Every structure is written in structure tokens, then in C-alpha cells.
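Here is the structure we will look at, set down as C-alpha cells.
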Amino acid sequence: MKRILLIEDEKNLVRFIQLELEHEAFAVQAAYDGKTGLELALQEDWDLILLDIMLPVMNGIEVCRRIRTAKKTPILMLTARDSVEDRVSGLDSGADDYIPKPFAIEELLARIRAVFRRMELEGNAQHALLSFQHITVDLDARLVYKDKQPVELTKREFDLLVMFMKNHHLVLTRDMLLDQVWGFDSLVETNVVDVYVRYLRNKLDQSGENSCIQTVRGIGYVMR
């Protein structure tokens, strides 16, 4: 379920928008002034922020600027001020889109869907590259770089590394790695995972440095 933060001081409008968005299966939390909204925006992870410009305590333009210094969360401006200067100020402060009040809820929902579609397209475009610490994997070209220098891996080593890269910070058991990299019906013993992890470490780790692929005794491995 996508999470939306609504920063708006008109309580009747907040209730209306919240009910409509919840009906569309979004989880919505409201803040009624700029300072509280900024704190929530920075403290938690949101899929979208709906932000009014005319807010008490701190205006929406300043809230947007401060969010942008720390996060890339999509921001959709809501405001009764519809001059060209206001639209430009909102977009220049880092907003992704702008909708003037009053608006039809259908238009707001369409703008929200458009923002999410853009984010999905951007995510898909970037999905072909995986990065962790000083390691980069080009999935399409099946190339691996460590500190921008190419690393030669076999097909199995590459697939094993991709599994770690996609699940970094998650502990993966030997059985999980065996199923995902060798296939669930493989007759290979789980100790082959240990062998290939050693191969990867030999190719990725420099002498004297701690390996990014760490052993979790009795369980498996984790990349961190």
C-alpha cells in the first residue's frame, strides 16, 4: 500500500481528500502546519507528499526546499495561488507537479497516478544497474565493476553476486542461495555455495580489507 503525506491546513479539505485517497487504497497521514509536515516528511518514508503552499508556521515553498535537501520523495503542490510566478516558485523549489484549488478529485487522482507512473518508469530505467559500496553490476551487459575496474566472473559467480546485491543487508541461507542460483531441483550440495562465495571474495576483496559478503555462522551469508 502506497503511503501519502498530506500537508494542508484546511481541515475540511483534508478530511475530503483523505477519505477519497483511502477509498483508492492509499494510506494517508495528515499534518496541518508546515513545521509538523516537514518533520513527518523527513522522519518517515513516503511514496508521495501532497503539499499546500499557504501553511501556518512554515510555508509550503520552504517545506519543499528543505525536503529536497534530504529526500527525493515526489511532491505534488496544492494551492489556491495560481499565478505563473507561484507555479514557477513551486516547481523551482523541487515540486514534481502542481494543481490549483479548487480541483476535481478525479484530476487529483489522475495527477497522483501520473507521478507514480513516472517514478515507476524511472525505476525501471535504473533497474539494469545495481550498486553497493564500491561494486556496480550491469545486469543487461552482465558486467561487474569494483572501484570502476572490471571484474571477470563466471556465469554462476555473477548470478550469485546479483542475488547478494538485490538482497543486501538480508541474511540469505545456503538453501535460499542454492534454490535461486542453481535451481530448486538441483542435485548440488549446499557446500557448493561456500565454494562460490570464496571465489567471489577472492575476486572482489582486496588484501587486508573486510569482505562485504559476511558469514552468518550456522545460517548463511549477508552482504553488508
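Index from 1, following the sequence. Every value quoted in this text rests on a predicted model; they were computed, and no experiment measured them. When reading the values below, keep in mind they use all heavy atoms of this one structure, side chains included, and skip hydrogens, waters and symmetry mates.
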From Leu178 CG over to Thr173 OG1, what is the distance, rounded to the nearest 0.5 angstrom? 9.0 Å
Is any side-chain heavy atom of Arg224 less than 4.5 Å from a side-chain heavy atom of Gln214? yes
Check whether any side-chain heavy atom of Thr136 sits under 4.5 Å from a side-chain heavy atom of Leu130, and report yes or no. no
Could you go through the side-chain contact (heavy atoms from CB on, under 4.5 Å) check for Ser93 and Met77 one step at a time? CA-CA 10 Å; Ser93 67; Met77 286 283 195; 3.8 Å; yes
Tell me if a side-chain donor or acceptor on Lys71 pairs with a main-chain N or O of Ala41 at a distance below 3.5 Å. yes
Side chain to side chain, Gln180 and Leu172, heavy atoms closer than 4.5 Å: no
Could you walk me through whether Val162 and Lys166 pass the side-chain contact (heavy atoms from CB on, under 4.5 Å) test, one step at a time? CA-CA 6 Å; Val162 168; Lys166 287 184 174 180; 3.7 Å; yes
Taking Val181's backbone N and O only, do any of them form a donor-acceptor pair with Asp159's side chain (distance below 3.5 Å, no angle check)? no
For Asn202, I'd like to know if atom CG has over 12 heavy atoms of other residues, nucleotides or ligands within 6.0 Å. yes
Does the side chain of Phe103 come within less than 4.5 Å of Leu78's, by heavy atoms? yes
Glu8 and Lys101: CA distance, side-chain angles, deciding distance, salt bridge (Lys or Arg N to Asp or Glu O under 4.0 Å) verdict: CA-CA 12 Å; Glu8 166 65 64; Lys101 301 175 186 177; 2.8 Å; yes
I'd like to know if the side chain of Arg3 reaches the main chain of Phe26, judged simply by a donor and an acceptor atom lying under 3.5 Å from each other, with no hydrogens or angles considered. no
Measuring only between side-chain heavy atoms, which start at C-beta, is Leu108 closer than 4.5 Å to Leu76? yes
Does atom NE2 (His23) have a neighbourhood of more than 12 heavy atoms from anything else shown, all under 6.0 Å? no
Once you round to the nearest 0.5 Å, how far does CG of Leu51 lie from CG of Leu6? 9.5 Å
Taking the inter-plane angle between the rings of Phe164 and Tyr221 on a 0 to 90° scale, is it parallel (under 30°), tilted (30 to 60°) or perpendicular (over 60°)? perpendicular
For Leu143, which residues count as a side chain to side chain contact (heavy atoms under 4.5 Å, CB included) partner, sequence neighbours excluded? Asp138, Ala141, Tyr145
Would you say Arg68's side chain and Gly94's backbone share a donor-acceptor pair under 3.5 angstrom? yes
Please check if atom CG in Asn12 has more than 12 non-hydrogen atoms from other residues, nucleotides or ligands closer than 6.0 Å. no
Interatomic distance, Leu200 atom CG to Ile213 atom CD1 [nearest 0.5 angstrom]: 4.5 Å
Do the non-hydrogen side-chain atoms of Asp52 and Asp9 ever get within less than 4.5 Å of each other? yes
Met223 side chain reached by Gln133 side chain, heavy atoms, under 4.5 Å: no
Atom of Arg66, atom of Leu42 and distance for their closest heavy-atom approach: O-CD2, 4.3 Å
Distance from Ile75 atom CD1 to Arg65 atom CZ, nearest 0.5 Å? 12.0 Å
Is the side chain of Trp182 donor-acceptor paired with the backbone N or O of Val193 at a distance under 3.5 Å, no angle test? no
Output the distance between atom CZ (Phe158) and atom CE (Met163), rounded to the nearest 0.5 Å. 14.0 Å
How about Cys212 and Arg201: do any of their side-chain heavy atoms sit closer than 4.5 Å? no
If the threshold is 4.0 Å, N to carboxylate O, is there a salt bridge linking Glu157 and Lys203? yes
Quick one: pull up CE in Met165 and CG in Leu129 and give me the separation to the nearest 0.5 Å. 9.5 Å
